[in-house]
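Any value given below was found using the heavy atoms of this structure, including those in side chains, with hydrogens, waters and symmetry copies removed. All values reported here derive from a predicted model rather than from experimental measurement. By convention in this document, chain letters (A, B, ...) are assigned in the order of the sequence lines, proteins followed by strands, and residues within each chain are numbered from 1.
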Amino acid sequence: MEPLQTTIKTLINTPIQIKSKSQAKQIHAQIIKTLPTFTSNLLSIYSKLNLLQESITLFNTLHSPSIHNWKSIIKCYTSNAYFLESLNCFVKMRAMGIYPDHNVFPSVLKSCTQLMFFKFGESVHGSVIRVGLEFDVFTGNALLSMYSKSLRFSAHQVFDESPERKTVVQNGQNERVLKHDNNTNNNFKSYNEVSYNCRNPSTLNQMSNQDQGNVQMQNVRKVFETMPERDVVSYNTLILGYAQNSMYDEAMMTIREMGDAKLKPDAFTLSNVLPIVAEYMDVWKGKEIHGYGIRHGFERNGFIASGLIDVYANCKMVEDSYRLFCSLPEKDCVSWCSMIAACVQNGLFDEGLRLFRQMLRANIKPVPISFSSVIPACAHLTTLPLGQQLHGYIIRHRFDDNVFISSSLVNMYAKCGNIKLAKCVFNRMKQRDLVSWTAMIMGCASHGYAHDAIVLFKQMEMEDLRPNSVAFVAVLTACSHAGMVNDGLTFFNQMVKHYKITPEFEHYACMADLLGRAGKLDDAFGLICSMPENKTGSVWLPLLAACRVHKNVELAEKVVEQINEFDSDNVGAYVLLSNIYFSVGRYKDAANVRRMLSKNMNKKEPACSWIRIGEKVHAFIAGDESHPNYDCIINALDILFGHIEKEYLITCE
DNA sequence: TTAGGGTTAG
């Protein structure tokens, strides 16, 4: 044999030496010239190098691909996120009577998981059992991952009937081969329980999301326990399942079990568990993981870093988030977005926007998620011009189809006072979710369009969207602003009785405000007293304000007593009480309250308000006379108050 | 074969 041919054969047998596309192509050329029968061996090299186009071209030249060729092309499709093509190949391979081996199933199962083709995945599972690969650790891990994700996407029945899935099925002439026989294998029995629970909508509908998650994970756990061999990936997959179903104790327990099995947590383990640590605001556990990460050389891992940024931010330790962020030698889009979100969620809106500008200057291209934190920052700061600039960027980069972005734009325009643009964005949305509707309802409510808000709420219900507690806050706010007592009571009862939503602080506050404004002071008092907990000052203050309007001193005193019980430092309550005494001519009592306030209470932090005129923001603090146009402003206010008083007297007549 | 960030609250 020629020396060149020998070299090529050696290279093909030890493909690990071929590390680049150009090397692979050179060998390909030599094979075509000197060893054409070896062409198919090259496919595994292209596949290992993840060269999809080259793999497809070569695969298409093969007349009767071997199991190795099928394995290579399926793996290459899956690793390049061509999941549908991967499944199509699998079905074609089965139709040709070729049995898959342990290298094929993990890729196929991953494709099923990514496409949410869970029914199809179950049939692949049947195939796994038929070829006796149920104890293969890679295949077992892929099954664990698929089953633990199948509940999170419980709409899988819809996806399984999608046109893409039908194409996969039609391409396979012999799909029935994939169907499993669930009576043949004890090990399969526990897998089958998982599938049963995933598919039984009548059982699932009666359970809360958390309960569904618990049941699902109990079954995934059973699958895990039947695996004869488990590696770090098996544990990581189980931990991720627990984390995604908010099962904190179980996730932590599984990490301990990993130690018992002499397996060390790796970067995946840490980053899988961090979201749940953030959710539970367990700063000590976060610090423990941070320390472990540093000790084991994971401090530059972007996944762990963004998880830790979230943990610190959720624990209101945004400075620690920032320190960690700054220590990252390479910051990707996710680390920037995590840090921006950390600022915005902690009320540091200007800082969030500053970081966003810095991110653009660092040539990090924003993705749709990047805007989900900066638009709310504009909304909170009511900076319409900046919000509009961002909107322009979003349109130019065609991100305006994203439901998160559009919902926050609706909210931003409404908060910045432009309800017309808010409606325009809302009406142009191709898809709307509960948050989009709620943002629009709240926008209408805060602009005084109570009727529109109620119509939207009912339209939303007609679109089969189940309102949550925030949506009820929005519609109750609308009723409250428009003095629609009966509608408000109807919505409140509907929320409790029909939707089984337990009223929260905000609902009670809305209802107390609504009843108080309508003069139903005793009803409002009774409602707040019926609150099971959290009867802090701010839920009582609207009622106290109503007592002032309706000059009910007796009830105001009772309300202040109640506030004293839960929130004895509430300066606002005493200021209001003093004003009530003043308004009914009890000047001595008013003066006593004021005196008591100045003696015993800490000074209230002065409130700040601001207005943007053109490019300039004018800020005002209570008692501050420093504005250059102070006198003009006071004169204008006097004129306005005069008009209000006149209108009020006409209404009373 | 396993992993990240987001929208609505008088």
### Query
Which is true for N272(A) with a 4.0 Å heavy-atom rule: it touches a base, it touches only sugar-phosphate, or it touches nothing?
sugar-phosphate

### Task
Identify whether any heavy atom of S480(A) sits under 4.0 Å from a base atom; if not, whether one sits that close to sugar-phosphate; answer base, sugar-phosphate or nothing.
nothing

### Message
Does dG4(B) have OP1 or OP2 under 4.0 Å away from a side-chain N or O of Q244(A)?
### Response
yes

### Query
K149(A) side chain N/O closer than 4.0 Å to the phosphate oxygens (OP1, OP2) of dA3(B)?
yes

### Task
Taking only the side-chain heavy atoms of V470(A) (C-beta and beyond), determine which of dA9(B), dT2(B), dG5(B) contains the nearest atom.
dA9(B)

### Geometric cation-pi criterion, R466(A) with Y499(A): 6.0 Å, 45°
no

### Query
N301(A) near the nucleic acid: base, sugar-phosphate alone, or nothing, with a heavy-atom cut-off under 4.0 Å?
base

### Task
State which of dT2(B), dT1(B), dG5(B) makes the closest approach to the side chain of D231(A).
dT1(B)

### Task
Name the closest nucleotide to the V334(A) side chain, picking from dG6(B), dG5(B), dT2(B).
dG5(B)

### Query
Are Y393(A) and F371(A) near enough that their ring centres are under 6.0 Å apart?
yes

### Task
Between dT7(B), dT2(B), dA9(B), spot the one nearest the side chain of E506(A), thanks.
dA9(B)

### Query
At under 4.0 Å between heavy atoms, what does D266(A) touch on the DNA or RNA strands: base, sugar-phosphate, or nothing?
nothing

### Message
With a 4.0 Å limit, can you tell me whether N103(A) has a side-chain N or O closer than that to the phosphate oxygens OP1/OP2 of dT1(B)?
### Response
no

### Task
Starting at atom NZ of K415(A), determine the distance to atom C1' of dT8(B), rounded to an integer number of angstrom.
8 Å

### Message
Just checking W437(A) against F426(A), ring centres under 6.0 Å apart?
### Response
yes

### Message
Could you tell me how far apart F426(A) (CZ) and dT8(B) (C1') are, to the nearest whole angstrom?
### Response
12 Å

#### Entry: Listed nucleotide nearest any side-chain atom of A267(A), set dT1(B), dT7(B), dA3(B)
dA3(B)

### Task
State which of dA3(B), dT1(B), dG5(B) makes the closest approach to the side chain of K75(A).
dT1(B)

When the side chains of residues 501-520 of chain A are checked against the rest of the protein, which donor-acceptor pairs come out under 3.5 Å, sequence neighbours left out?
{"unit_1": "E504(A)", "atom_1": "OE2", "unit_2": "S469(A)", "atom_2": "OG", "d": "3.3"}
{"unit_1": "H507(A)", "atom_1": "ND1", "unit_2": "E504(A)", "atom_2": "N", "d": "2.8"}
{"unit_1": "H507(A)", "atom_1": "NE2", "unit_2": "S469(A)", "atom_2": "O", "d": "2.8"}
{"unit_1": "D513(A)", "atom_1": "OD1", "unit_2": "R517(A)", "atom_2": "NE", "d": "3.1"}
{"unit_1": "D513(A)", "atom_1": "OD2", "unit_2": "S480(A)", "atom_2": "OG", "d": "3.1"}
{"unit_1": "D513(A)", "atom_1": "OD2", "unit_2": "R517(A)", "atom_2": "NE", "d": "3.2"}
{"unit_1": "D513(A)", "atom_1": "OD2", "unit_2": "R517(A)", "atom_2": "NH2", "d": "3.3"}

### Message
So if I take every side-chain heavy atom of C333(A) and compare against dT2(B), dG4(B), dG5(B), which nucleotide ends up nearest?
### Response
dG5(B)

### Query
Do D310(A) and dG4(B) have a side chain to base donor-acceptor pair shorter than 3.5 Å?
no

### Task
Would you indicate which nucleotide in dG6(B), dT1(B), dG5(B) comes nearest to any side-chain atom of S372(A)?
dG6(B)

### Task
Check the distance between dT2(B)'s C1' and N236(A)'s CG and give it to me in whole angstrom.
6 Å

### Distance, rounded to the nearest Å, where I501(A) contributes CD1 and dA9(B) contributes C1'
13 Å

### Task
Check the distance between dT8(B)'s P and L434(A)'s CG and give it to me in whole angstrom.
13 Å

### Whole angstrom value for the distance that separates P of dG6(B) from CG of D433(A)
15 Å

#### Entry: Partner residues of N468(A) under the side chain to side chain donor-acceptor pair (under 3.5 Å) criterion, sequence neighbours left out
none

### Options dT1(B), dA3(B), dG6(B), nucleotide nearest the side-chain atoms of N141(A)
dT1(B)

#### Entry: Centroid-centroid distance, F105(A) to F138(A), less than 6.0 Å
no

### Query
In whole Å, what is the span from the CZ atom of R466(A) to the P atom of dT8(B)?
22 Å

### Query
What nucleic acid atoms does S338(A) come within less than 4.0 Å of, heavy atoms only: base, sugar-phosphate, or nothing?
sugar-phosphate

### Query
Regarding K110(A) and the six-membered ring of F83(A), is the cationic atom NZ or CZ under 6.0 Å from the ring centre and inside 45° of its axis?
no

### Task
Mind checking V232(A) for me? I need base, sugar-phosphate or nothing, with any heavy atom below 4.0 Å counting as a touch.
nothing

### Query
Just checking R432(A): base, sugar-phosphate only, or nothing, at a heavy-atom cut-off of under 4.0 Å?
nothing

### Task
Rounded to the nearest angstrom, tell me the gap between atom CG in L238(A) and atom C1' in dT2(B).
11 Å

